[in-house]
Structure formats: structure tokens, C-alpha cells
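Side-chain atoms are counted along with the backbone in the values below, which use heavy atoms only and exclude waters and symmetry mates.
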Amino acid sequence: MHLSLRQLQIFSAIAEAGTTTAAGEAIGLSQSAASAALVELEGLLGLALFDRVGRRLVLNGHGRALLPEARTLLAGMADIERRFSTGRETAAPVRWRVGASTTIGNYLMPGRIADLLEANPQAHVDLVIGNTREVTSAVQHLEVDIGLIEGPCHEPGLEVVGWMEDELAIVFGPRHPLASELRKGASLSQLRQACWLLREPGSGTREVAEQALLPHLHGFAEVLQLGGTEAIKQGAVAGLGLACLSRHAVADLIELGRLQLLTTPLPRLRRRLWVVRHPGKRVPDSLRQLLSLPRQVFADD
């Protein structure tokens, strides 16, 4: 069975007008076309919907049961046409599923989502947070519309472009055993001997921290692996070791005095954040607005 909205529209018009001739005139069809559509609909359902009383068509029990359902569907169709015919993609109802690695998802995206909702109250964003490997896998399997990652993308066949730069900060807590010395700064030797709090392998934060630090330290004397950025922050507050995290992630605890920036002889540590898409996915205007993506990024859309 393959019912169409057009058949239900004709059925509803006949129910209101009482004849196929009047119904056809109301919706711009010939009498024969309206009559043929009704015959086809009744054939699909295997039921008569009207009693034929002289020249009039009067709803029978089946027709009376179908009419409110048909009107509900037609009203929904009209509502969809009204809502999506604004001519402005950024004002139409949208629902995006965005994958974001931990730091981006927790500290950068909430404000951007709020900005989008302010501009388009009909928008909805589902934010899926995981490590870089999980996000790129979700993009690869079309589980999200777009991905935002902190480390290199190792999934084949995906399109990856630079999104924005992020500054890294090395921090420690006042309960660190060497806190009094660290307030004066740390030498390369002290950094090499320190215990470092790091994410799990596969995390973009872990990979970027290693890329930033290992060329200068040539290894970590001790690593305490913690399963998330918040765990690392709280571990640093508790004095478990040093942490190398995005400034966005530690700004709140630095402002509260629960973490302190460590002065080191290392060069300024920065990393690139990346946006990843599957080649089969479009990036429409509202999604560009959410991510502040210029037109030249994924310009084949």
C-alpha cells in the first residue's frame, strides 16, 4: 500500500464538498481526476469511504474514521511547508549532530550553541563528546554531521581543515610537593623529572601534549594517566603532578587560584584544532554559522 498526501487531500476535499465536481473545483482538479483519485484510494484501502446518496457522497463509518487522521497529516504537511519556506536556511528548523573531542566539547562549543539558538530558536544541536579517535570514527561512519578534534586525524578518506588555534598551559596546584619552588618557575631538568598527568592514548589532548613537550623533554620520568580533562585538572589541584592543558580548560581554576601557571623555558605552546567531515556530508549555512566557518572551507557545498 502506498498512500499519498495528494490522495488524502482529495479525500478531505470531497468529504467537505460532498461531490467530486465541487471538490475538484476547490483544489484545481477536473471532476474525472478527483473521482479517479478517490477510486484509487478506496482500492488501496480495500474499503469504501463514502455512501453514494443520489449525486452526493456521504462519509460512511470508515470515511469518518479516516477523516481526522487525514486532516492531521495534511495540517502537518502545511506546517512543514510554512516553516521551511522562509527562504533563509539559517532561520529554518535544523537539527545538527556534532562530534567534538573533550576540550572542544566541554569548553568551546556550549557558547557557540547558545549563539546559534539566539539567532535561530528553531535550531537544535546534539553534541557528542569523545576523544579524537572516537570523533573521527563517528564522522567516518556518518554518525555525526561534522567533527571537531584536537589531534591529528588518522581515519582515511575524511576531509580535514584547520579550524582555530588553541594555546596550551602548564599548570600545577598549591598542594604540589614542590609548589614553593614551582612558583619561581621550572627548569628543563625539573620538567623532565616531574610527574605528568596525561589523558589516555587516542586522546587528542594526550597526543598534542606529547608533541609539544617530548621534543624538549625527551621523555617523561613518570606519568599518571587520568581518563578525562576534568580528572586531570582536579589531579593537578590535588598536587598529583603537572598538567599541560588548553588555557580554555584551566581558565576557571586559575581565576579561582586553585591552579597556577608554571613559567618554563619552553617556547609558547600552541596547537591547531581541526574540523573534519565525511565527503558525502554538506555543510549548510546554519552549520557554518555554528562553527564560524568561512565560505572557502568545504567550498564545494
Side-chain angles (χ1 to χ4, degrees), residues 1-98 113 116-128 138-139 141-146 277-290 293 295 298-301:
M1 184 188 303
H2 297 285
L3 299 182
S4 70
L5 287 172
R6 185 60 169 167
Q7 289 170 334
L8 294 179
Q9 183 188 33
I10 295 169
F11 160 72
S12 180
I14 295 171
E16 293 175 9
T19 68
T20 54
T21 300
E25 291 175 355
I27 58 176
L29 286 179
S30 67
Q31 183 278 332
S32 59
S35 180
L38 175 59
V39 170
E40 184 179 15
L41 176 61
E42 290 180 323
L44 287 171
L45 295 176
L47 298 167
L49 300 173
F50 294 90
D51 292 324
R52 275 67 177 177
V53 181
R55 299 179 62 184
R56 291 190 61 79
L57 296 173
V58 180
L59 285 171
N60 62 19
H62 299 305
R64 284 192 297 272
L66 177 60
L67 185 58
E69 300 288 344
R71 284 173 171 168
T72 298
L73 288 171
L74 293 170
M77 178 185 69
D79 184 57
I80 289 172
E81 290 177 339
R82 176 183 57 79
R83 293 167 64 205
F84 282 85
S85 63
T86 62
R88 295 189 302 114
E89 194 274 334
T90 53
V94 294
R95 187 177 191 120
W96 300 120
R97 191 167 172 83
V98 177
I113 293 172
L116 176 64
L117 294 181
E118 185 176 345
N120 182 1
Q122 298 189 79
H124 186 100
V125 179
D126 292 323
L127 189 60
V128 181
V139 175
H141 292 91
L142 299 173
E143 296 167 0
V144 296
D145 295 302
I146 205 158
R277 76 156 179 176
H278 190 282
K281 282 284 187 179
R282 292 182 60 250
V283 185
D285 289 343
S286 57
L287 192 51
R288 289 184 184 277
Q289 179 183 357
L290 174 65
L293 290 178
R295 277 286 170 188
F298 305 132
D300 57 323
D301 292 311

### Query
Residues in side-chain hydrogen bond (donor to acceptor under 3.5 Å, both in side chains) with Gln31, at least two apart?
Thr20

### Query
Only one of Leu38, Leu41, Leu59 forms a side-chain contact (heavy atoms from CB on, under 4.5 Å) with Ile14, so which one is it?
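Running side-chain contact (heavy atoms from CB on, under 4.5 Å) over Leu38, Leu41, Leu59 with Ile14 returns exactly one hit, Leu38.
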
Would you indicate whether the side-chain heavy atoms of [Y] and [X] approach each other to under 4.5 Å?
| X | Y | value |
| --- | --- | --- |
| Phe50 | Val58 | no |
| Phe298 | Ile146 | yes |
| Arg288 | Arg295 | yes |
| Val98 | Leu290 | yes |
| Leu45 | Leu3 | yes |

### Message
Using a 3.5 Å distance criterion without hydrogens, assess whether the side chain of Glu25 forms a donor-acceptor pair with backbone atoms of Ala22.
### Response
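Side chain of Glu25 to backbone of Ala22: no pair is present.
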
### Task
May I ask you to decide if Glu143's main-chain N or O and Arg97's side chain share a donor-acceptor pair within less than 3.5 Å?
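Side chain of Arg97 to backbone of Glu143, a donor-acceptor pair under 3.5 Å: yes, one is there.
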
Any chance you could measure [X], atom [atom1], to [Y], atom [atom2], to the nearest 0.5 Å?
| X | Y | atom1 | atom2 | answer |
| --- | --- | --- | --- | --- |
| Ile10 | Ser35 | CD1 | OG | 10.5 Å |
| Leu287 | Leu293 | CG | CG | 7.0 Å |
| Met77 | Gln9 | CE | CD | 5.5 Å |
| His124 | Ile113 | NE2 | CD1 | 9.0 Å |

Please give me the minimum heavy-atom distance between [X] and [Y], naming the atom from each residue.
| X | Y | result |
| --- | --- | --- |
| Ala123 | Leu117 | O-CD2, 3.1 Å |
| Val139 | Arg277 | CG1-C, 3.6 Å |
| Ile27 | Ala13 | CG2-CB, 4.1 Å |
| Glu118 | Pro121 | O-CD, 4.4 Å |
| Leu8 | Leu74 | O-CD1, 3.8 Å |
| Pro284 | Trp96 | CG-CH2, 3.5 Å |

### Task
Evaluate salt bridge (charged side-chain N to carboxylate O under 4.0 Å, His left out) for Asp145 paired with Lys281, printing each intermediate quantity in order.
CA-CA 7 Å; Asp145 295 302; Lys281 282 284 187 179; 2.9 Å; yes

### Task
Would you list the pairs meeting side-chain hydrogen bond (donor to acceptor under 3.5 Å, both in side chains) in which at least one residue belongs to residues 52-62, sequence neighbours left out?
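Matches after skipping sequence neighbours: Glu42-Arg52.
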
### Task
Kindly state each residue pair satisfying side-chain hydrogen bond (donor to acceptor under 3.5 Å, both in side chains) with at least one member in residues 67-76, sequence neighbours excluded.
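Passing the test, one end in residues 67-76: no pairs.
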
### Task
Check the side chains of Thr21 and Thr19 for a donor-acceptor pair under 3.5 angstrom, ignoring hydrogens and angles.
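On atom types as modelled, these side chains do not qualify, holding no pair under 3.5 Å.
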
